[in-house]
2 protein chains.
Amino acid sequence: MSKSELTLTPVETVACCSPLVREPLSADRAERVAPLLKALADPVRLRLVSIVAASEGGEACVCDLNDAFDLSQPTISHHLKVLHEAGLLDRTKRGVWVYYAVRREVLGDLAALIGGGA
Amino acid sequence: MSKSELTLTPVETVACCSPLVREPLSADRAERVAPLLKALADPVRLRLVSIVAASEGGEACVCDLNDAFDLSQPTISHHLKVLHEAGLLDRTKRGVWVYYAVRREVLGDLAALIGGGA
DNA sequence: TCAAGACATCGACATCCATCGATATCAAGA
DNA sequence: TCTTGATATCGATGGATGTCGATGTCTTGA
């Protein structure tokens, strides 16, 4: 680590150090990892991530995502914002449309942290 | 699958089928997976799981867990209940003490679901 | 310049959740 | 049986969160 652990973002935190089951998580690290899991811990957001990840090109337009749910457009927008701010989704604007893409390394790091004992 | 997907528990659901990034999660599956992530998505519960998993013998007594936090005993008891009911922790009573152990297969299955694309 | 459409933000509301103190339960010893 | 200590349950409370309708911001094309 080049940066002090105290300056790490949640996304950086999840990639560092050993998995959950190897040694006790520090309070600091737990505080930074939890928001990522919290972002994922919603049925709608889980499906959003899954739909985006499974789309061709690895990205999806908000317009398509809206159609996949029986929820209002602001609600989907809110969930996308949560996922983006957590660092799980990248955001790109092309013309009038906005595309979201999954940051797979983050998902991979999260998985390694959780299931690292395997 | 021998059981219909509609009868699966959250813990069973997380073990079945393909990872998040392979194909879109169904609404039903998302509804059953989310509670598991929600159980993990708390700094205190993350540390509880980590402490238990990293303990020798793979289990820890509640009395030790209480000491590891600056929180009231009922609060720790509440968090352990959440983790137990989610299916992440096993519970055993021996004498006056209660021991919790991590169900590693569940953590492993969760990790596979999230990071399955790797 | 204007109108239309895509997406985000805002404010409100209902529900959920982490935490606590008080109390209950239950096992072991005296 | 009584007491003590370990853990769980209960009820209350403040704060977070999912959802919505209304509205704002941009971009495009007419």
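Reckoned from all heavy atoms, side chains included, excluding hydrogens, waters and symmetry mates. Below, chains carry the letters A, B, ... as their sequence lines are ordered, and counting in each starts from 1.
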Among [options], the one nearest [X] by side-chain distance:
| X | options | answer |
| --- | --- | --- |
| V96(A) | dA8(D), dG5(C), dG21(D) | dG5(C) |
| V44(A) | dT7(D), dT19(D), dA8(C) | dT19(D) |
| L71(B) | dT19(C), dA8(D), dC20(D) | dT19(C) |
| K81(B) | dT9(D), dT7(D), dA18(C) | dT9(D) |

Given atom [atom1] of [X] and atom [atom2] of [N], what is their separation to the nearest angstrom?
| X | N | atom1 | atom2 | answer |
| --- | --- | --- | --- | --- |
| K38(A) | dA16(D) | NZ | C1' | 8 Å |
| K93(A) | dC26(D) | NZ | C1' | 5 Å |
| Q73(B) | dA24(C) | CD | P | 15 Å |
| F69(B) | dA18(C) | CZ | P | 14 Å |

- Heavy atoms under 4.0 Å, any strand shown: does Y100(A) hit a base, just sugar-phosphate, or nothing?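 If one applies the 4.0 Å heavy-atom cut-off, Y100(A) turns out to touch the sugar-phosphate alone, with no base involved.
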
- Assign R91(A) to base, sugar-phosphate, or nothing according to its heavy-atom contacts below 4.0 angstrom with the strands shown. sugar-phosphate

- Under 4.0 angstrom between R45(B) side-chain N/O and dA18(C) OP1 or OP2: yes

- Counting just side-chain N and O atoms, does T75(B) come under 4.0 Å of either OP1 or OP2 of dC20(C)? yes

- Message: Between H84(B) and R91(B), is there a side-chain donor-acceptor contact under 3.5 Å, judged purely by atom types and distance?
- Response: no

